[in-house]
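The residues of the chain are indexed from 1 along the displayed sequence. First listed ligand is number 1; within each ligand, the first listed atom is number 1.
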Amino acid sequence: MNTKRMWISRLLPSPSEYFEDTAEMEKNYRYFSRRLFVLLLGLTMTPLIIVSGLLHYQYQNLLQKNELTQLVLNLEQSQNTIERFVSKLQSIIKFVARDDRYEELRNTEELKALFVRLQQEYPDFADIEVIDSSGRQQSYIGPYELSGNDYTQQNWYKEVLQRGVYLSNVFSGFRQVPHFVIAVSRKLPDNKGSWVLRVTIDVNTLQRYVDIGVTNSISDVYLVDAAGNLQTKPRKYGLIGEKSVLLHDYGLTEYSISETLADYQQLLVKNADVTVVKTPEGNEVLHAAIDLQSTPWRLVLVKDLYLDGNAWFFFQLRLFSIILGCILLGVLILLRMSHVITAHIRQSDRRRQHFFLEAESANKLAAIGRLAAGVAHEINNPLSIINQKTGLVMDYFEMTEDFKYKQAMEQALNGVQESVNRCRTITHRLLGFARHTDVMIEELDMNQLLQEVVAFLAKEATYNQIAINFDLDEGLKHIQSDRGQLQQVFLNIINNAIDAIGNEGTILLKTRMQKEDGIRITVVDDGPGMSVEVVQRIFDPFFTTKETGKGTGLGLSITYGILKKLGGDIQVNSEPGQGATFTIVLPLVQEQQ
Ligand code: ADP
């Protein structure tokens with residue numbers, strides 16, 4: 001807990017650490033506001049960026065999986081189509097070469113009739129020939145004058161005898177037209193060996209079936225043989241008979257989700273071989289290949305990578321613009337928020353400081369009050385005795401005949417009594433300060449009271465060339481308060497203003513209603529004003545800036561005490577060189593205490 005608080009307070013140090021020094025405090029508030037902004041920014045933007053990053057990553061993975069799935073599904077579809085087609089061709093040729101037809105098909109006429117029928121269905125059948133059990137051609141229908149060929153030494157012939165059926169790679173042959181061969185072998189009756197029916201087919205037939213596989217998402221489909229030579233014509237990547245362009249080593253790159261890719265491949269089509277290859281133009285494409293059953297061919301599908309395409313680029317652009325927009329908006333809102341929060345803290349600090357100072361001066365006043373009351377009380381008794389005894393002595397003097405120093409002594413005794421009376425006033429004031437004097441409540445007109453006080457000070461003001469002006473609210477309500485004590489309050493304040501101005505200046509007295517239940521009196525002077533330090537201390541008892549003998553430092557603390565006692569309040573506003581404004585608020589009616 002403790003460490004937590006320390007951690008937080010290190011991040012956000014309290015702005016009110018420098019309670020007294022306003023400039024330092026202001027600097028601290030700015031620092032606090034900045035730290036708060038950075039902290040809030042970090043707290044809000046980090047999750048936003050992490051979540052966006054994760055979403056981006058997840059979405060990218062999903063897209064890659066999807067495109068892979070699509071590719072493999074297309075591959076499977078094309079594989080089925082071509083395998084079915086090839087198997088159909090083989091079935092037809094097998095069917096035509098039924099065991100009992102050897103004798104019939106040896107006859108060129110019969111073979112020709114068959115070939116014509118076949119060509120009606122499959123115009124791409126190029127030629128047909130029958131080979132006897134010794135490997136010699138028996139009959140041939142086609143564009144060449146081939147007759148009597150001996151195939152015994154040829155590999156395909158050996159293979160067809162061995163496996164019953166043979167499918168060749170695509171080759172150009174004499175006609176320079178790409179075609180392929182399907183051959184089937186059939187047993188002759190009585191174990192007299194096998195005869196072979198061989199058909200040459202134009203590669204166009206195959207091409208049509210392969211091309212079906214080209215869709216919006218698949219950019220190329222073609223067949224290659226085991227050595228990688230093209231068997232059908234690709235749209236982009238090479239010519240029939242040549243080695244597939246994509247098999248050249250342009251530098252294979254890792255597909256970024258290669259692990260998932262391997263899993264997917266396993267999952268979807270086990271024998272498919274999916275890689276990312278580079279095209280001669282340097283683009284990366286997905287290359288999926290699978291062996292076609294019962295053929296010497298491999299089917300290849302090529303797909304442009306979605307993540308390289310425009311759609312993905314614009315999606316990313318949109319996503320980043322939205323995130324950037326959110327961040328900018330967040331920054332603006334957080335800036336405003338940290339500003340507002342700091343302003344609130346500053347305000348509540350000020351209020352706290354104000355209450356703190358008020359409580360402090362109230363405490364000081366109470367302590368000084370108790371002390372003053374004790375002292376005044378102790379002094380009052382001997383003073384009464386001095387007064388009483390002086391009176392007695394004066395009475396004796398009256399009864400006594402004249403003697404040499406009688407007049408001088410009477411004068412001295414008068415002096416003593418005058419001094420005693422002054423002392424009495426002081427002790428009375430001190431007791432008043434200590435709230436020991438009773439409050440005498442009466443209805444009074446504050447406008448009139450102010451004028452009385454000013455009349456009292458008029459001489460001094462005129463002497464110092466100080467104008468005292470009034471701005472009185474005619475509708476000001478009468479208040480219930482203590483006339484004598486309020487006179488003292490305003491005497492103190494106006495006296496201070498006269499003292500502060502010294503020579504030549506103006507004092508303005510203004511009265512206004514304060515809401516419905518109070519009045520407000522403002523005393524403004526254009527004197528030298530006060531520094532912050534002085535303003536903070538003026539209500540302290542015995543605080544004075546006046547020369548010794550002139551100021552007692554009691555005036556404003558007594559004023560403060562009286563106003564509080566009367567349920568009012570006093571505030572001061574001043575800056576050096578700007579004069580001073582004292583604002584006094586008093587209730588209309590005294591609350592019963
Ligand atoms: P004193 O008048 O005996 O010094 P006060 O408590 O009345 O004691 O005043 C305290 C101090 O407040 C003064 O010494 C003076 O520095 C300051 N002060 C009071 N009123 C004003 C004013 N109107 N302009 C400038 N300073 C003032």
What protein heavy atom sits nearest [atom], and how far away is it?
atom: atom 10 (C) of ligand 1; value: F543 O, 3.3 Å
atom: atom 17 (C) of ligand 1; value: I538 CG2, 3.8 Å
atom: atom 16 (O) of ligand 1; value: T545 OG1, 2.4 Å
atom: atom 18 (N) of ligand 1; value: M530 SD, 4.1 Å
atom: atom 8 (O) of ligand 1; value: G553 CA, 3.3 Å

Inset, instruction - Taking all non-hydrogen atoms of both residues into account, name the closest pair between I379 and P382 and its distance. - result: O-CD, 3.2 Å
Legend entry - Step-by-step side chain to side chain contact (heavy atoms under 4.5 Å, CB included) determination, E460 to N495: CA-CA 9 Å; E460 200 182 340; N495 244 332; 3.8 Å; yes
Legend entry - Euclidean distance, N447 CG relative to L476 CG, rounded to 0.5 Å: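 Answer for the CG-CG pair, L476 versus N447, is 5.0 Å.
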Closer than 4.0 Å to some heavy atom of [X] - which atoms of ligand 1 meet that?
X: T544; value: 1 (P), 4 (O), 14 (O)
X: N496; value: 2 (O), 5 (P), 7 (O), 9 (O), 19 (C), 20 (N)
X: D525; value: 22 (C), 23 (N)
X: A500; value: 22 (C), 24 (N), 25 (C)

Compute the minimum heavy-atom distance from [X] to ligand 1 and say whether it is under 4.0 Å.
X: N492; answer: no
X: F582; answer: yes
X: A497; answer: yes

Inset, instruction - Check the pair D473, T511 against side chain to side chain donor-acceptor pair (under 3.5 Å), reporting the backbone distance first and the verdict last. - result: CA-CA 5 Å; D473 183 354; T511 55; 5.9 Å; no
Inset, instruction - Compute the shortest N/O to N/O distance between K546 and ligand 1 and return yes if it is under 3.5 Å, no if not. - result: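 There is such a contact, yes.
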Legend entry - Test of proximity, L556 against ligand 1: N or O pairs below 3.5 Å: yes
Legend entry - Under 3.5 Å donor-acceptor, D525 side chain and G527 backbone: yes
Legend entry - Donor-acceptor side-chain pairing of N496 and K546 below 3.5 angstrom: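 Short answer, yes.
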Is there a side-chain contact between [X] and [Y] (heavy atoms, below 4.5 Å)?
X: V489; Y: L563; value: yes
X: K510; Y: V524; value: no
X: M446; Y: L486; value: yes

